[in-house]
Number of protein chains: 2
Amino acid sequence: MKLTANKIAGVLREHGYKLTPQRHAVLKVIAASYAHLTPEAIYEKVHLENSDIGLVTIYRTLDILRELNLVCRMHAPDGCRSYMMRRPTEHHHHLVCSSCGRVVDFAGCDLVDLEKRLARETRFEINGHLLELYGLCPDCNLASR
Amino acid sequence: MKLTANKIAGVLREHGYKLTPQRHAVLKVIAASYAHLTPEAIYEKVHLENSDIGLVTIYRTLDILRELNLVCRMHAPDGCRSYMMRRPTEHHHHLVCSSCGRVVDFAGCDLVDLEKRLARETRFEINGHLLELYGLCPDCNLASR
DNA sequence: CAGTAAGTGAAAAATATTATCATTTGTAAT
DNA sequence: ATTACAAATGATAATATTTTTCACTTACTG
Ligand SMILES: [Zn+2]
Ligand SMILES: [Zn+2]
Ligand SMILES: [Zn+2]
Ligand SMILES: [Zn+2]
């Protein structure tokens, strides 16, 4: 995981944002996790180390991290708002374990043919898509036998 | 649109639900629309004709209609909970106009190859997906020039 | 070290959804 | 038709989620 404090500071400053301990704490929690996390979950994890951060700041920070492409906001099987470290820089999607929340990023969604076909058939101008795959990760799958 | 009152009544009764005027009103509003509607929007439309239906009943009714596969619950570009008449009976997805909300259903999402590849690579047991396409319908596209 | 704009926390407000409960009503059996 | 009763409803309250406001604090600049 190549997310040095320096790099974060750089990205924030580049865009005129200050590097506050709160922002650092939030990013640290997200960077440490390979599962998606809700704002509430992030709040709780942040609190274990740093108990004077308000939930509001979590929300505000997440908005900024999202804007700077440092995190992905995603739709989990059980909720429409959670966040992940953004690890691939290119267009990608998420395969999510509905039991433990673990996420595997994948590229190559390859919807262009479908989109072309539909654009032709419907005359829509298609400009985006939402795609998430759900399932059970190997660990949870074994555990459930 | 082949949604006769009789047919609705039948589906409801088959599953032990009563056919109330409220349920009929909700379904009528949804059946008349080719755009996705939020619970609030449905509430407002229902009220134009029938002002004594509570929002709670809208929610309850939508749950049931969803369970009976009479409506689709979907993710719109601007919100994670809206409803559409379910017109195709088979597995399908939605192409949504982000300006007017109009929805075109389409089948043939064809994610099986992708899912197979990922199942092999990740050892996940994949059991579902969320897919919505977004764009501008021909009318809104023209209007925006 | 200031000076200052940006950031923060606490609280309140705005939204969205679900639960509770007394009353009403659709249905089916008289 | 009348009745019996489980199911459904509306009003209200409760819960949950997200945003706004504002006085105070702090990270950055020079
Ligand atoms: Zn991602
Ligand atoms: Zn994609
Ligand atoms: Zn549909
Ligand atoms: Zn599909």
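In what follows, chains carry the letters A, B, and so on, assigned in the order in which the sequence lines appear, proteins first and then strands, with residues in each chain numbered from 1.
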Would you call the rings of A/His91 and A/His93 parallel, tilted or perpendicular, where under 30° means parallel and over 60° means perpendicular?
perpendicular
Could you state the atom-to-atom distance from CG of A/Asn50 to C1' of D/dT26 in whole Å?
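That distance rounds to 15 Å.
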Round to the nearest Å and state the distance from B/Leu12 atom CG to D/dA7 atom P.
15 Å
Across nucleotides 8-19 of chain D, 5' to 3', mark each nucleotide with B, S or - according to how protein heavy atoms within less than 4.0 Å reach it.
SBB-B----SSS
Please give me the minimum heavy-atom distance between B/Met84 and B/His36, naming the atom from each residue.
SD-N, 3.7 Å
Which of these passes side chain to side chain contact (heavy atoms under 4.5 Å, CB included) with A/Cys72: A/Met85, A/Arg66, A/His92?
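Running side chain to side chain contact (heavy atoms under 4.5 Å, CB included) over A/Met85, A/Arg66, A/His92 with A/Cys72 returns exactly one hit, A/His92.
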Would you say B/Leu130 and B/Ile126 are hydrophobically clustered, going by side-chain heavy atoms of ILVMFWY under 4.5 Å?
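No, B/Leu130 and B/Ile126 fall in different hydrophobic clusters.
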Do B/Phe124 and B/Glu115 have side chains that get closer than 4.5 Å, going by heavy atoms?
no
